[in-house]
2 protein chains.
Amino acid sequence: MLERNGTVGKAIEVLDQVADRGRPVRFSELLEESRFPKATLYRFLQSLVGQGMLAYDAERQTYMPGLRLVRLAHAAWQHSSLAPIARPHVDALAEVVREAVHLAQIDHGHVIFVDKRKKTNMFDTLAQTGLIAPSYCTGVGKAILAFLPEETRSEALKMQAFVPYTPHTHRSPKSLWPELDQIRDEGIAFDREEHEQGIISVAAPIIPDQRRVVGAISIATSTSRRSLDELKTLSPTLRETASRIAAEVQPWQFPN
Amino acid sequence: MLERNGTVGKAIEVLDQVADRGRPVRFSELLEESRFPKATLYRFLQSLVGQGMLAYDAERQTYMPGLRLVRLAHAAWQHSSLAPIARPHVDALAEVVREAVHLAQIDHGHVIFVDKRKKTNMFDTLAQTGLIAPSYCTGVGKAILAFLPEETRSEALKMQAFVPYTPHTHRSPKSLWPELDQIRDEGIAFDREEHEQGIISVAAPIIPDQRRVVGAISIATSTSRRSLDELKTLSPTLRETASRIAAEVQPWQFPN
DNA sequence: AAACTCGGTTTCATTATATGGAACCAAAAC
DNA sequence: GTTTTGGTTCCATATAATGAAACCGAGTTT
């Protein structure tokens, strides 16, 4: 993500920085973590606020993501996400398994959740949509990675830091590769508490045609509710759902 | 929205153009509607695609909004929207009235729906979040406009085209002003099929303190289900909900 | 109260970047 | 085989971004 892009790239970099921190940020905070000099950063922020991409709280002198993004995302959601297509299938699956169902796609090496459903307690449903997670330590992430064309995959992994979230997290591409081979074989991926302690999941890739994987769907639960083996028994159902979704993807959708 | 801003402004203008059209767009389409020359537009698109703000379909040679936006919007959603705060109240209201409940904020003169709930048939719920609508012909829009400080309001109205969606739509600020006065008086706004034929709504502004309005909440229905008079009987309930939401807004949130 | 910080904002000469007319290219239409 | 259409690249020029330094206002310290 260090490609040299023009002014817009830099501006978006700033936008990202603000969005990444989960709270309103002061100018000075941004300044130290940013590679830009004072005046430059300042002008970027001005521009972004002017466009509504950021909101500025004059009182507290803090910046936060702006509403304009919500509007833009609405369009993205409709066109570039699996969510609208997959919705009924996600619903149905959630109804059957009574566990959290996640729908994800990959974007610049990050897994991005484009839909979530949880029939048990229905709060919090879509609030988490748009959340991102690393690919190398999540079920959906590995399911997608495994079926990505060679080049795209190493590209995606290259920009990963391999943060050891839990004792089970893969430490490097070395240990990940064999697992990806296996996933490609079996058509199913598992998250064995690799991202969050106590959280496990099964995931199946969504593959509309031989050439490409467009996303993945997973069933997640906590170790206190179910064991990994129990979860494994849901694999066929999951795969079934995944292929049903895949069947509805048009050949022209979701270009790589 | 015609302020001359630097390169970022222009780039975002292009981004908007792509997002506004509700479908993948060709380069040539964008070219004719854009004020930029070929090469310039081309490079903007390249940049935006490079950043993941747009996705490019090489096959069909079309551009569409990119997933990166979904990710960014997630952050915006959490910080700059009323949605997280209002959620339980919106839920409760939807449960009681059994009609569509909309939560909206204003952004650059546009009403932007940050949450929607419909307890009758639950599909389509949040799919429409992020949708925008004009302020001058919607219940939520007028409720907000009425309580906006003088200057901000005319600012907001200035960038409106006053499109006559239905026979009941206000044609100009002239006819809108008296109604806004009345809304300010009564603390409640109505949409009398002004935006969509057959759709009516009641809306109440969300006013955390005397100085500012941060959004509005509305109950919408179709004329075939209920009359406007029936809808009016729900005003107290609606106002009650609005003030409950307002009470939870912290003084530092939602700067103007 | 004068001097000093500590954010944040503005200036301005310099430099890097965006610009856009024109040329170019590939594929489709004639 | 030629022309048109739609998209991409070149390159000299104009423009906008840059960032060091100065500035400003509101606290703090001396």
Side-chain angles (χ1 to χ4, degrees), chain A residues 1-19 21 23-66 79-80 251-252 255-256, chain B residues 1-21 23-66 79 251-252 255-256:
Chain A
M1 204 167 278
L2 287 173
E3 301 112 37
R4 194 77 34 247
N5 233 311
T7 312
V8 281
K10 296 181 201 163
I12 292 173
E13 190 176 323
V14 172
L15 183 59
D16 250 349
Q17 274 184 36
V18 177
R21 303 176 158 259
R23 59 193 168 77
V25 252
R26 290 200 113 72
F27 176 83
S28 50
E29 295 185 71
L30 287 171
L31 183 57
E32 44 190 61
E33 107 172 32
S34 123
R35 60 192 180 85
F36 304 112
K38 240 184 179 185
T40 305
L41 178 63
Y42 178 69
R43 266 176 283 104
F44 275 139
L45 290 170
Q46 293 251 105
S47 269
L48 291 168
V49 169
Q51 303 300 323
M53 304 293 277
L54 290 180
Y56 180 61
D57 178 350
E59 202 85 359
R60 311 210 134 202
Q61 296 185 140
T62 55
Y63 295 87
M64 50 197 172
H79 297 302
S80 300
W252 52 270
N256 282 321
Chain B
M1 202 168 280
L2 286 173
E3 302 112 37
R4 197 73 36 245
N5 234 312
T7 311
V8 280
K10 296 181 203 164
I12 292 173
E13 190 176 323
V14 172
L15 183 58
D16 250 350
Q17 275 184 35
V18 177
D20 278 349
R21 305 178 156 256
R23 60 193 167 76
V25 253
R26 290 199 110 72
F27 176 84
S28 50
E29 294 186 70
L30 288 170
L31 183 57
E32 45 190 62
E33 109 172 32
S34 125
R35 60 192 179 85
F36 305 112
K38 241 183 178 186
T40 305
L41 178 63
Y42 179 70
R43 264 176 284 104
F44 274 140
L45 290 170
Q46 293 251 103
S47 268
L48 291 169
V49 170
Q51 303 300 324
M53 304 292 278
L54 289 180
Y56 180 61
D57 177 349
E59 202 87 0
R60 308 208 137 203
Q61 295 184 140
T62 54
Y63 296 86
M64 50 196 172
H79 297 304
W252 53 269
N256 284 319

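Both backbone and side-chain heavy atoms feed into the values below; hydrogens, waters and symmetry mates do not. Note that the structure is predicted; figures quoted are calculated from it, not measured. Convention: sequence-line order gives letters A, B, ...; per-chain numbering from 1.
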Residues passing the side-chain contact (heavy atoms from CB on, under 4.5 Å) test with Tyr42(A), sequence neighbours excluded, are Phe27(A), Gln46(A)
How close or far is atom C1' of dA20(D) from atom CG of Leu41(A), stated in whole angstroms?
16 Å
Nearest-nucleotide pick for Pro37(B), side chain only, options being dA17(D), dG6(D), dG20(C):
dG20(C)
Check side-chain contact (heavy atoms from CB on, under 4.5 Å) between Ser28(A) and all other residues, then give those that pass, not counting sequence neighbours.
Arg26(A)
Donor-acceptor contact below 3.5 Å, side chain Ser80(A) vs main chain Pro65(B)
yes
Can you tell me how far C1' of dA18(C) sits from CD1 of Ile12(B), to the nearest Å?
16 Å
Residues that Ser47(A) engages under side-chain contact (heavy atoms from CB on, under 4.5 Å), provided they are two or more places apart:
Asn5(B), Val8(B)
Counterpart residues, side chain to side chain donor-acceptor pair (under 3.5 Å), relative to Glu29(A) (two or more places apart)
Arg21(A), Arg23(A)
Lys10(A) or Ser28(A), whichever maps to the more 5' nucleotide of DNA chain C:
Ser28(A)
Between the protein and nucleotides 8-12 of chain D, which nitrogen or oxygen pairs come in under 3.5 angstrom?
{"unit_1": "dT8(D)", "atom_1": "O5'", "unit_2": "Tyr42(B)", "atom_2": "OH", "d": "3.3"}
{"unit_1": "dT9(D)", "atom_1": "OP2", "unit_2": "Tyr42(B)", "atom_2": "OH", "d": "3.1"}

Rounded off to whole Å, could you give me the CZ-to-C1' distance for the Arg60(B) and dA27(C) pair?
17 Å
Send over the distance from Leu31(B) CG to dG21(C) C1', rounded to a whole Å.
14 Å
Provide, to the nearest angstrom, the distance between the CZ atom belonging to Phe36(A) and the P atom belonging to dG19(D).
9 Å
Indicate, with a heavy-atom threshold strictly under 4.0 Å, whether Thr7(B) touches base, sugar-phosphate, or nothing.
sugar-phosphate
Has Thr40(A) got a side-chain N or O lying under 4.0 Å from the OP1 or OP2 atom of dA17(D)?
no
Please report, rounded to the nearest Å, how far the C1' atom of dT15(D) is from the CZ atom of Phe44(B).
12 Å
To the nearest 0.5 Å, what is the distance between CG (Leu45(A)) and CZ (Phe36(A))?
10.0 Å
